[in-house]
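The next block holds one structure in the form of structure tokens; read it before the comments.
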Amino acid sequence: MSNQWCPRFRRVLVAGAAIVGLASLPAKAQQVTDPSPAQAATDVEPTSPISASFRSQNGVSVRPETVRVFLNGREVTSEAVITRDFFTYRPPQPLPSGRHEALLEFTNTQGVTRRVTWSFTVGSPVRASIDPPLI
């Protein structure tokens with residue numbers, strides 16, 4: 001399966017696998033959903049927080065104490081807010097323009113370790129200027 005985003009299932013990432021649609025979910029898979037910025041998003045604001053929700057499925061869920069958060073290969077777990085329902089991380093400095101990659105590692109309640117990754121592109125901020133009126 002390709003590692004590309006499937007537009008039909010834009011809001012669902014399956015942990016430990018390529019991004020896939022609902023029909024191919026394992027029977028006892030937990031999900032990482034609603035990633036923000038979205039997978040392959042472009043023109044993302046440099047100050048946007050990075051987050052996702054955790055959804056239990058068939059009694060299997062993410063163990064929040066095992067969640068590790070990475071941005072561009074740098075672990076930022078200690079700077080993130082992590083609960084049983086979601087994680088969020090706000091970079092302390094605006095992100096530079098270009099492609100960025102978020103990675104989550106966690107263990108589920110069945111003891112299986114998973115990795116979820118997605119990327120997004122920060123756009124150059126648009127600087128507006130107002131010219132003085134012509135008289």
Side-chain angles (χ1 to χ4, degrees):
M1 173 172 285
S2 166
N3 217 8
Q4 292 183 322
W5 186 253
C6 179
R8 183 171 167 208
F9 301 103
R10 202 178 332 235
R11 297 177 67 197
V12 178
L13 297 173
V14 177
I19 301 168
V20 297
L22 295 173
S24 59
L25 284 177
K28 291 194 171 210
Q30 67 289 335
Q31 297 175 4
V32 175
T33 63
D34 302 321
S36 179
Q39 166 65 13
T42 58
D43 292 328
V44 172
E45 290 291 323
T47 57
S48 293
I50 299 159
S51 64
S53 298
F54 305 137
R55 180 184 305 157
S56 297
Q57 180 124 19
N58 296 329
V60 179
S61 58
V62 172
R63 290 180 38 220
E65 69 276 10
T66 68
V67 173
R68 294 176 63 202
V69 181
F70 297 83
L71 178 62
N72 301 323
R74 184 175 82 81
E75 184 168 6
V76 295
T77 305
S78 64
E79 302 167 55
V81 173
I82 301 168
T83 73
R84 66 184 192 109
D85 298 317
F86 69 92
F87 93 91
T88 187
Y89 166 72
R90 183 175 296 276
Q93 304 283 327
L95 294 174
S97 296
R99 185 177 180 275
H100 298 275
E101 184 173 285
L103 166 69
L104 294 181
E105 290 183 347
F106 62 89
T107 301
N108 67 21
T109 53
Q110 291 183 324
V112 178
T113 299
R114 303 287 188 188
R115 294 175 68 139
V116 175
T117 186
W118 72 98
S119 62
F120 56 91
T121 302
V122 170
S124 297
V126 175
R127 304 208 190 279
S129 65
I130 301 174
D131 291 330
L134 297 174
I135 301 180

**Request:** Decide if atom CD of Gln93 counts as having more than 12 heavy atoms of other residues, nucleotides or ligands within a radius under 6.0 Å.
**Result:** no

Compare every heavy atom of [Y] with every heavy atom of [X], then report the nearest pair and how far apart it is.
X	Y	answer
Trp118	Pro35	CE2-CB, 3.6 Å
Arg68	Thr77	CA-OG1, 3.2 Å
Pro91	Ser48	CD-O, 3.8 Å

Once you round to the nearest 0.5 Å, how far does [atom1] of [X] lie from [atom2] of [Y]?
X	Y	atom1	atom2	answer
Gln31	Arg114	CD	CZ	12.0 Å
Glu75	Glu105	CD	CD	8.0 Å
Arg99	Thr42	CZ	OG1	13.0 Å
Ile82	Thr66	CD1	OG1	9.0 Å

Determine yes or no for a side-chain-to-main-chain donor-acceptor pair under 3.5 angstrom, with [X] supplying the side chain and [Y] the backbone.
X	Y	value
Ser36	Ser51	no
Arg63	Phe106	no
Asp34	Ala52	no
Gln39	Ser119	yes

**Prompt:** Thr107: what forms a side-chain hydrogen bond (donor to acceptor under 3.5 Å, both in side chains) with it, not counting sequence neighbours?
**Reply:** Thr113

**Asked** Is it true that Val116 and Leu103 fall in one hydrophobic cluster, defined by side-chain heavy atoms closer than 4.5 Å?
**Response** no

**Request:** Check the hydrophobic clustering (I, L, V, M, F, W, Y; side-chain heavy atoms under 4.5 Å; chains of links allowed) and say if Val62 and Val76 are grouped together.
**Result:** yes

Check: [Y] and [X] side chains under 4.5 Å, non-hydrogen atoms:
X	Y	answer
Asp43	Thr121	no
Val32	Ser53	no
Thr47	Pro94	yes

**Message:** Once ring-ring contact (aromatic ring centres under 6.0 Å, His included) is applied, what residue pairs with a partner in residues 43-90 remain, sequence neighbours excluded?
**Reply:** none

**Request:** Just do the side-chain contact (heavy atoms from CB on, under 4.5 Å) check on Ile50 and Thr88 with the steps written out, would you?
**Result:** CA-CA 6 Å; Ile50 299 159; Thr88 187; over 6 Å; no

**Message:** Is there a side-chain contact (heavy atoms from CB on, under 4.5 Å) between Val44 and Leu95? Walk through the geometry before answering.
**Reply:** CA-CA 10 Å; Val44 172; Leu95 294 174; over 6 Å; no

